[in-house]
Amino acid sequence: MSKILVTGGTGYIGSHTVVALQQAGYEVIIVDNLDNSSIGILDQITSVSGIKPEFHELDLGEEQLVKDFIAAHPEITGVIHFAAHKAVGESVSLPLKYYRNNFFSLLNLLTAFAGRDINFVFSSSCTVYGQPDVLPVTEDAPIKKAESPYGNTKQIAEEILTDIAKVNKNYHIISLRYFNPVGAHASALIGELPIGVPQNLVPFITQSAIGKRGAITVYGDDYNTADGSCVRDYIHVVDLAKAHLAALKYQEDGKMASDYEVFNVGTGTGSSVLQVIAAFEKSTGVKLDYKIGARRGGDIEQVWGDVTKVNSELNWKAELDLDEMMRSAWAWENYIKENPIK
Ligand code: NAD
Ligand code: WQD
């Protein structure tokens with residue numbers, strides 16, 4: 001039986017994707033070094049799907065360990081590579097930490113699979129576009145100079161994958177450029193577990209609403225947008241998880257037009273910070289305490305994706321709306337208050 005390797009599978013997007021894979025009948029192997037996730041997520045995944053996933057604690061930065069592990073698992077036919085550091089601000093202060101982890105993990109995996117026929121799905125990000133000149137942004141828009149070492153690791157990783165796919169015809173590689181993943185599984189048993197003060201909007205909103213944080217600061221209301229606050233393409237994490245299955249299926253069905261392809265994964269619609277706050281209040285009935293503050297350095301004014309390509313070629317479409325993103329994020333915040341995950 002072939003298996004799908006999910007690196008970073010105990011993390012936020014990884015755990016939702018593991019559940020989606022299991023529910024679609026795939027056998028899954030998770031590797032994670034638990035640097036940014038908890039071992040307790042394995043029980044949570046099991047509660048949702050009814051299947052305990054195979055798990056190996058492994059640091060993908062360790063070349064020999066990765067080689068030995070992959071050699072010992074000839075049944076792996078597909079890889080979804082989530083494992084990476086992802087905190088934009090931290091990457092500015094600790095660039096080596098980001099370059100080391102994000103590149104070595106990727107290079108060690110690619111080296112270990114050399115010579116094998118492999119479907120590879122890489123977690124990229126809309127951060128590669130910076131502030132696009134044309135909206136919605138399409139996959140062939142120019143890549144802007146990265147704003148952070150984190151963003152740079154995604155841009156360079158995409159270049160590495162392009163180069164490798166050209167010469168290694170056994171690799172079938174897809175980069176998914178995620179927009180802003182938010183929300184949690186409908187069961188409220190898995191979701192995002194930010195360590196420390198959340199830098200991202202939605203976890204800050206839910207933690208503020210539950211009383212773990214103070215008022216939310218809206219970073220600027222003087223942008224050139226309809227209400228002055230920044231606009232993003234928020235995508236429900238459960239929809240995003242399903243996009244990985246669509247990518248795998250496309251690879252398995254031999255549909256790739258070239259050995260490296262890129263897809264935007266978003267809803268195709270932008271929402272402002274103030275609209276997100278309003279959606280949270282409306283869908284949960286909980287009032288938020290927020291104030292308008294100064295702009296946050298490095299923020300993009302507005303970005304949302306053109307999702308024509310992913311809709312037509314991967315036959316995938318986002319189904320869950322902003323209200324559902326907020327409702328599920330709130331249910332998860334309440335769940336972990338009562339059931340902290342170890
Ligand atoms: P996450 O931190 O929740 O999950 C990443 C997982 O990878 C964690 O469980 C962590 O312990 C693990 N990991 C990190 N380095 C590792 C290593 N060397 N060896 C083994 N495991 C390692 O992050 P996430 O939000 O689920 O993001 C998953 C991927 O998607 C990342 O590559 C991220 O850059 C990318 N992405 C995330 C977002 C977002 O907003 N969440 C947006 C675009 C792209
Ligand atoms: C969303 C909007 C903020 C917090 C970052 C990374 C990006 C990507 C996803 C991985 C912005 C505003 C936020 C707050 C606020 N990840 N905001 N008050 O900035 O789009 O993207 O995460 O690849 O690389 O840069 O997401 O959730 O931080 O912010 O007003 O307390 O919410 O200014 O407009 P962002 P975010």
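Order of listing sets the numbers, starting from 1, for every ligand and every atom in it. Counting from 1, the numbers follow the sequence of the chain as shown.
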task: Taking ring-ring contact (aromatic ring centres under 6.0 Å, His included) as the test, write out the residues that go with Tyr250, two or more places apart.
output: Phe263

Would you check whether [X] reaches within less than 4.0 Å of ligand 1, judged by its heavy atoms?
X      : result
Ser124 : yes
Tyr150 : yes
Asn102 : no
Lys154 : yes

- prompt: Is there a donor-acceptor pair under 3.5 Å between the side chain of Thr206 and the backbone N or O of Ala329?
  reply: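 Such a contact is absent between Thr206 side chain and Ala329 backbone.
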
query: Under 3.5 Å, is there a donor-acceptor pair between the side chain of Asn102 and the main chain of Thr153?
result: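 A pair under 3.5 Å: no.
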
field: Identity of the nearest option to atom 13 (N) of ligand 1, non-hydrogen atoms only, from Val128, Asn33, Ile41
entry: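 Closest candidate by heavy-atom distance is Asn33.
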
Atoms of ligand 1, numbered as shown, that sit under 4.0 Å from any heavy atom of [X]:
X      : answer
Gly11  : 3 (O), 4 (O), 9 (O)
Ser123 : 29 (C), 30 (O), 32 (O), 35 (C)
Leu58  : 19 (N), 20 (C)
Ser105 : 18 (N)

Looking at [Y] and [X], is any side-chain nitrogen of the basic one under 4.0 Å from a carboxylate oxygen of the acidic one?
X      : Y      : result
Lys97  : Glu90  : yes
Glu313 : Lys255 : no
Asp239 : Lys317 : no

Among all protein non-hydrogen atoms, which one is nearest to [atom], and what is the separation to 0.1 Å?
atom                    : value
atom 29 (C) of ligand 1 : Phe82 O, 3.2 Å
atom 24 (P) of ligand 1 : Lys86 NZ, 3.7 Å
atom 10 (C) of ligand 1 : Asp32 OD1, 3.4 Å
atom 38 (C) of ligand 1 : Pro181 CG, 3.9 Å

So, is [X] polar-close to ligand 1, with some N/O to N/O distance under 3.5 Å?
X     : value
Leu60 : yes
His85 : no
His81 : no

task: Kindly state whether the ring of Trp304 and the ring of Phe179 have centres lying under 6.0 angstrom apart.
output: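 No, ring centres 6.0 Å or more apart.
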
message: Taking non-hydrogen atoms within less than 4.0 Å of ligand 2, which protein residues qualify?
response: Val88, Ser125, Thr127, Tyr150, Asn180, Gln199, Asn200, Leu201, Thr217, Val218, Tyr219, Cys230, Arg232, Tyr234, Val273, Arg296, Asp299

So [X] and [Y], would you call those rings parallel, tilted or perpendicular, with 30° and 60° as cut-offs?
X      : Y      : answer
Phe82  : His244 : tilted
Tyr150 : Tyr98  : perpendicular
Phe69  : His73  : tilted

query: Considering only heavy atoms from C-beta outward, does the side chain of Asp59 approach that of Leu65 to under 4.5 Å?
result: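 Heavy-atom side-chain distance check fails, nothing below 4.5 Å.
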
